[in-house]
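Read through the structure below, which is laid out as structure tokens, and then see the notes.
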Protein chains: 2
Amino acid sequence: METNHPPGLTISRLAARSGVGVETIRFYERKGLLERPVRPSRGYRKYPPEAAKRIRFVRRAKELGFTLQEVAELLDLRVDAASACADMRTRASAKLEDVTGRIADLQRMAEGLSGLISACDLSVPTTPCPILDALERPDA
Amino acid sequence: METNHPPGLTISRLAARSGVGVETIRFYERKGLLERPVRPSRGYRKYPPEAAKRIRFVRRAKELGFTLQEVAELLDLRVDAASACADMRTRASAKLEDVTGRIADLQRMAEGLSGLISACDLSVPTTPCPILDALERPDA
DNA sequence: CTAAGGTCCGTACCCAGGTACAGAGTCAAG
DNA sequence: CTTGACTCTGTACCTGGGTACGGACCTTAG
């Protein structure tokens with residue numbers, strides 16, 4: 001008979017699928033970023049395959065400049081009976097505003113870089129730091 | 001006579017204008033993120049007003065998920081006679097690709113958040129973590 | 001001239017986010 | 001039943017990005 005594992009990944013298989021180390025998974029669990037997995041076998045963690053998606057989300061969100069605390073907040077957002085909708089809406093709106101602000105800044109950075117590339121093609125010298133203005137805000 | 005400062009900010013005035021502490025400015029200088037300022041007066045640093053813009057750029061870029069090393073690379077991009085255009089173009093294109101990738105991910109995150117807010121308004125329960133899919137990449 | 005407050009440099013310390021053992025227990029292929 | 005790979009918990013350690021002194025020196029309002 002083939003190895004007939006019931007569904008469930010060991011921690012090392014999950015680590016391999018999500019591109020992180022075993023220690024990182026346990027670290028994320030301590031930090032509350034990952035649900036505590038079931039432990040059917042004498043204390044050994046068993047993960048559903050979707051867990052990998054969650055870990056990849058954490059990694060990418062972190063690359064995008066969110067702290068682990070903020071990532072945890074994003075992952076906790078959901079609509080359910082147990083939590084007040086108004087509260088969830090407030091939190092989601094705040095995150096959305098944060099995200100759109102980041103997009104705007106990155107877009108201006110992209111424009112600056114494009115301009116730089118054009119200037120290069122035309123051999124137009126630029127001032128030092130031609131993308132410096134990209135992140136200037138009126139309010140700040 | 002009014003205090004007739006010749007142009008040039010002391011480090012503490014620059015710090016106040018850019019929203020960081022004095023120590024942070026010296027730290028950024030050590031890391032090569034800030035030009036070494038002139039020191040006309042017995043070793044005291046004197047900054048041009050534009051220095052504040054550079055510091056604000058560093059702060060915001062860091063919030064957007066760039067390491068200080070990457071920020072330094074962004075700040076070093078320029079078109080001039082001294083550096084090979086092809087090389088600059090290559091580096092700028094790589095940064096641009098990075099930035100557009102971030103924008104795309106954040107946009108999907110924004111969509112996820114918007115969907116969540118709509119679901120809230122309609123009182124539609126969502127699965128746990130409805131924005132989990134936002135950062136799934138085909139390649140990764 | 002003098003005293004309060006800036007500035008200098010260097011080193012030490014701090015927090016977030018991991019990463020790496022150590023020592024003990026567990027599982028499973030042969 | 002063994003043996004080698006895996007897992008467990010806990011603690012120690014590491015890097016990036018600052019922050020906070022200590023002790024000496026400078027500058028400027030009064």
Side-chain angles (χ1 to χ4, degrees), chain A residues 1-47 51 54-75, chain B residues 1-6 8-48 51 54-75:
Chain A
M1 192 200 284
E2 280 193 332
T3 54
N4 181 19
H5 296 293
L9 301 170
T10 63
I11 194 168
S12 64
R13 286 180 77 59
L14 173 62
R17 283 186 196 208
S18 27
V20 303
V22 166
E23 309 290 344
T24 301
I25 294 178
R26 289 199 276 252
F27 174 74
Y28 284 173
E29 182 181 327
R30 282 201 295 285
K31 291 294 173 176
L33 288 160
L34 263 41
E35 317 263 325
R36 304 284 188 85
V38 298
R39 298 195 184 208
S41 164
R42 260 312 202 172
Y44 281 33
R45 296 168 177 84
K46 273 298 164 75
Y47 294 91
R54 194 166 172 116
I55 293 171
R56 286 192 298 265
F57 180 91
V58 174
R59 300 304 285 192
R60 182 60 180 161
K62 192 176 60 65
E63 286 174 8
L64 293 172
F66 295 91
T67 64
L68 294 188
Q69 173 58 44
E70 289 171 326
V71 176
E73 289 165 13
L74 285 168
L75 289 171
Chain B
M1 193 201 286
E2 278 194 330
T3 54
N4 180 19
H5 296 292
L9 302 169
T10 64
I11 194 168
S12 64
R13 285 180 79 60
L14 174 61
R17 283 187 195 206
S18 26
V20 302
V22 165
E23 310 289 344
T24 302
I25 294 178
R26 289 200 277 254
F27 174 74
Y28 284 173
E29 182 182 325
R30 283 201 295 284
K31 291 294 176 177
L33 288 160
L34 263 42
E35 318 262 324
R36 305 286 188 85
V38 298
R39 298 201 184 204
S41 165
R42 260 313 203 169
Y44 280 32
R45 296 167 176 86
K46 274 297 164 79
Y47 295 90
R54 193 166 173 118
I55 293 171
R56 285 192 298 264
F57 180 91
V58 173
R59 300 303 285 194
R60 182 60 178 161
K62 192 176 61 64
E63 286 174 9
L64 293 172
F66 296 91
T67 64
L68 293 188
Q69 172 59 44
E70 290 170 327
V71 177
E73 288 164 15
L74 285 168
L75 289 172

Exercise for the section: Indicate whether OP1 or OP2 belonging to D:dT9 is found under 4.0 Å from a side-chain N or O atom of A:Arg26. Expected result: no

Problem - Sequence-distant partners of B:Arg36, side-chain contact (heavy atoms from CB on, under 4.5 Å), two or more places apart - result: B:Glu29

Exercise for the section: Grab the CZ-P distance between B:Arg60 and D:dG17 for me, whole Å please. Expected result: 17 Å

Completion exercise
In whole angstroms, the gap separating P of C:dC27 from CZ of A:Arg39 amounts to 13 Å

Any protein N or O atoms within reach of nucleotides 3-6 of chain D? Criterion: under 3.5 Å, listing atom names and distances.
{"unit_1": "D:dC6", "atom_1": "O2", "unit_2": "A:Tyr44", "atom_2": "OH", "d": "3.3"}

Problem - Spacing of A:Leu9 atom CG relative to D:dT7 atom C1', expressed in whole Å - result: 15 Å

Fill in the blank from the handout: A:Ile25 atom CD1 is separated from D:dT9 atom P, nearest whole Å, by 13 Å

Handout entry: Phosphate OP1/OP2 of D:dC26 contacted by B:Ser41 side-chain N/O (<4.0 Å)
Key = no

Problem - Short side-chain N/O contact from B:Arg45 to OP1 or OP2 of C:dC8, under 4.0 Å - result: yes

Handout entry: A:Arg54: partners by salt bridge (Lys or Arg N to Asp or Glu O under 4.0 Å), with sequence neighbours left out
Key = A:Glu35

Practice task
List in chain and number order the residues that pass side chain to side chain donor-acceptor pair (under 3.5 Å) with A:Glu23, two or more places apart in sequence or in another chain; answer none if no residue qualifies.
Solution key: none

Exercise for the section: Output all residues satisfying side chain to side chain donor-acceptor pair (under 3.5 Å) with A:Tyr44, sequence neighbours left out; order by chain, then residue number. Expected result: none

Exercise for the section: Look only at the side chain of A:Arg13 and the backbone of A:Gly8, and say whether a donor-acceptor pair between them is shorter than 3.5 Å. Expected result: no

Completion exercise
Rounded to whole Å, the CD-P distance (A:Glu63 to C:dG18) equals 10 Å

Practice task
With sequence neighbours excluded, tell me which residues meet side-chain contact (heavy atoms from CB on, under 4.5 Å) with A:Ala15.
Solution key: A:Val22, A:Ile25

Completion exercise
Taken to the nearest whole Å, NZ/B:Lys46 to P/C:dT7 is 9 Å

Quick test: give all pairs of protein nitrogen or oxygen and nucleotides 11-17 of chain C nitrogen or oxygen below 3.5 Å, distance rounded to 0.1 Å.
{"unit_1": "C:dG17", "atom_1": "OP1", "unit_2": "A:Leu68", "atom_2": "N", "d": "3.0"}

Handout entry: Side-chain donor or acceptor of A:Arg56 paired with backbone N/O of A:Gly19 under 3.5 Å
Key = no

Fill in the blank from the handout: Contacts of B:Arg42 meeting side-chain contact (heavy atoms from CB on, under 4.5 Å) (sequence neighbours excluded), chain-then-number -> none

Exercise for the section: Please identify each residue that fulfils side-chain contact (heavy atoms from CB on, under 4.5 Å) with B:Phe66, with sequence neighbours left out. Expected result: A:Leu106, A:Met109, B:Ala61, B:Leu64, B:Glu70, B:Val71, B:Leu74, B:Asp98, B:Val99, B:Arg102

Practice task
Record whether the side chain of B:Glu23 comes under 3.5 Å of the base of C:dC9 through a donor-acceptor pair of N or O atoms.
Solution key: no

